[in-house]
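What follows is a set of notes on a single structure, which appears directly below.
Reckoned from all heavy atoms, side chains included, excluding hydrogens, waters and symmetry mates. Just so we're on the same page: letters track the sequence lines, and every chain starts at 1.
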Number of protein chains: 2
Amino acid sequence: MTTPQLTKNQSLVFDVLEKAEGPLSAYTILDKLRDHGFRAPLQVYRALEKLLEYGVVHRLESINSFVACAHPGDNCHSHGIVAFAICESCGQVMEFHDHEVDHRLMGWVRGQKFKPEKTTIEIRGLCEACAA
Amino acid sequence: MTTPQLTKNQSLVFDVLEKAEGPLSAYTILDKLRDHGFRAPLQVYRALEKLLEYGVVHRLESINSFVACAHPGDNCHSHGIVAFAICESCGQVMEFHDHEVDHRLMGWVRGQKFKPEKTTIEIRGLCEACAA
DNA sequence: GCAATTGATGTAATAACATAACATCTGCAA
DNA sequence: TTGCAGATGTTATGTTATTACATCAATTGC
């Protein structure tokens, strides 16, 4: 999927996520955009919905937060399943792909005749710096 | 970890989850236990916290719900990472393990010197019956 | 031009999920 | 019998997400 031109609100939300050090909750994004006229959560959620659809933002299910995709320029949908390692201390997120993991999961799924739509892989723990 | 004797509230919550067809939200559990004296969400969340700790219940992050572990008798912590396939139509959940997936993810993690605490793998989609 | 449609936006209200803070109770051990 | 730890009860509140409805702007077909 090619990413269409972002609307004003989508751009604002995306910029906030891009500039952030780590994942942000929808309400944190809202607060950061009050100066730009944002008043209600829906403005954020609507923008996020599109950004997720375009694959330029990911949702971290286990912490109810959102991050900009780590792959500059390129969009993520072509990479198969995206996995995340989330540091519970500093909040840093590492995004990665593993073809073999995809392969195994999709193999299992095929065996069950299950039709996958969206797969979440999130590893919570401590990053190297925080574990030290 | 061996599962200690459950307390009254823990048993009530666990029984509800065991008898359920699929995953339940904390508030759904609360409603099912009003007749047994439950009045507040915290009674459910406190029981769930322990049941999760004992490994007899799993939390599905992507749908904010809880299921009894599918492994009768045995507890889950010994099986490595647990993965779930969740049908978005009928709500049915399949729980499975894949050693190779564990191996790949833990390999990546080791390479990053990341210290994993809790890993989530959830595949949302349609089960065989619902996809037909 | 100007309806009709479509997609984006604004706003208020509410629903759904989760925790903080504090009080009480119960069983057990010093 | 006192003190402690763990479980429980209760109220209030915090956090995340959606419903419902109104408005606005750009595009299309007439």
Side-chain angles (χ1 to χ4, degrees), chain A residues 1-17 20 22-54 56-67 86 88 91 118 120 122 124, chain B residues 1-17 20 22-54 56-67 86 88 91 118 120 122 124:
Chain A
M1 183 199 306
T2 63
T3 304
Q5 188 62 36
L6 299 184
T7 66
K8 180 160 159 288
N9 285 2
Q10 288 160 19
S11 295
L12 288 167
V13 169
F14 184 65
D15 286 351
V16 166
L17 283 174
L24 301 177
S25 76
Y27 279 74
T28 302
I29 296 169
L30 174 57
D31 287 339
K32 286 179 182 293
L33 288 175
R34 294 221 185 257
D35 293 345
H36 292 79
F38 274 46
R39 319 291 313 276
L42 207 46
Q43 295 175 286
V44 177
Y45 283 110
R46 285 204 276 231
L48 286 171
E49 183 179 21
K50 289 298 182 183
L51 295 171
L52 289 168
E53 186 184 321
Y54 304 152
V56 297
V57 161
H58 300 292
R59 177 190 173 93
L60 302 176
E61 304 282 358
S62 64
I63 57 173
N64 297 320
S65 294
F66 304 84
V67 277
I86 305 165
E88 296 188 299
K118 176 79 178 74
T120 296
E122 296 175 16
R124 266 122 45 241
Chain B
M1 182 200 304
T2 62
T3 304
Q5 188 61 38
L6 299 183
T7 66
K8 179 159 160 291
N9 285 3
Q10 288 161 18
S11 295
L12 287 167
V13 169
F14 184 65
D15 287 351
V16 166
L17 283 174
L24 300 177
S25 76
Y27 279 72
T28 302
I29 296 169
L30 173 58
D31 286 340
K32 287 178 182 293
L33 288 174
R34 296 222 184 255
D35 293 347
H36 292 78
F38 274 46
R39 320 290 314 273
L42 209 47
Q43 295 175 288
V44 177
Y45 282 110
R46 285 204 277 229
L48 286 172
E49 183 179 22
K50 290 297 183 183
L51 296 170
L52 290 168
E53 187 184 320
Y54 303 153
V56 298
V57 161
H58 300 292
R59 178 190 173 93
L60 302 176
E61 305 282 357
S62 64
I63 56 172
N64 296 321
S65 295
F66 304 84
V67 278
I86 304 166
E88 296 187 301
K118 176 80 178 73
T120 296
E122 296 175 17
R124 273 138 19 254

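In this structure, CZ on A:Phe66 lies 6.5 Å from CD1 on A:Ile29, to the nearest 0.5 angstrom.
Atom C1' of nucleotide D:dA26 and atom CD of A:Gln5 are separated by 15 Å, given to the nearest angstrom. When the C1' atom of D:dT16 is taken as reference, atom CG of B:Asn64 falls 9 Å away, rounded to whole Å. Summarising the geometry, the separation between OH on A:Tyr45 and P on C:dT11 is reported as 18 Å, rounded to the nearest angstrom. The interatomic distance linking A:Leu12 (CG) with C:dA8 (C1') rounds to 13 Å, in whole Å. If you take CG of A:Asp31 and P of D:dT16, they are 10 Å apart, rounded to a whole angstrom. One interatomic measurement links the two molecules: CD1 of B:Ile63 to P of D:dA17, which rounds to 15 Å at whole-angstrom precision. At whole-Å resolution of the value, CG in A:Leu30 and P in C:dT9 are 15 Å apart.
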Q: For each nucleotide in nucleotides 7-14 of chain D, reading 5' to 3', give B when a protein heavy atom comes within less than 4.0 Å of its base, S when such contact involves only the sugar-phosphate, and - otherwise.
A: SBBBB---
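Between the side chains of B:Thr120 and B:Arg59, not a single donor N or O lies within less than 3.5 Å of an accepting N or O.
With axes fitted over five pairs at each extremity, the angle between the ends of the helix from C:dG1-D:dC30 to C:dA30-D:dT1 is 10° (10° resolution).
Listed by chain and residue number, nothing satisfies the salt bridge (charged side-chain N to carboxylate O under 4.0 Å, His left out) test with B:Glu122 (two or more places apart in sequence, or in another chain). By the side chain to side chain donor-acceptor pair (under 3.5 Å) test, A:Ser11 pairs with no residue at all, sequence neighbours left out. When the salt bridge (charged side-chain N to carboxylate O under 4.0 Å, His left out) test is applied to A:Asp31, the partners found at least two apart in sequence or on another chain are A:Arg34.
Residues A:Leu60 and A:Pro23 are in side-chain contact: their nearest non-hydrogen atoms beyond the backbone lie under 4.5 Å apart.
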Review item, side-chain donor-acceptor pairs of residues 40-52 of chain A, under 3.5 Å, at least two apart:
from, atom 1, to, atom 2, distance (Å)
A:Gln43, OE1, A:Arg39, N, 2.6
A:Gln43, OE1, A:Ala40, N, 3.0

Q: In sequence, state the C-alpha distance, the side-chain angles, and the governing distance for A:Glu61 and B:Arg124, and then conclude on salt bridge (Lys or Arg N to Asp or Glu O under 4.0 Å).
A: CA-CA 12 Å; A:Glu61 304 282 358; B:Arg124 273 138 19 254; 3.2 Å; yes
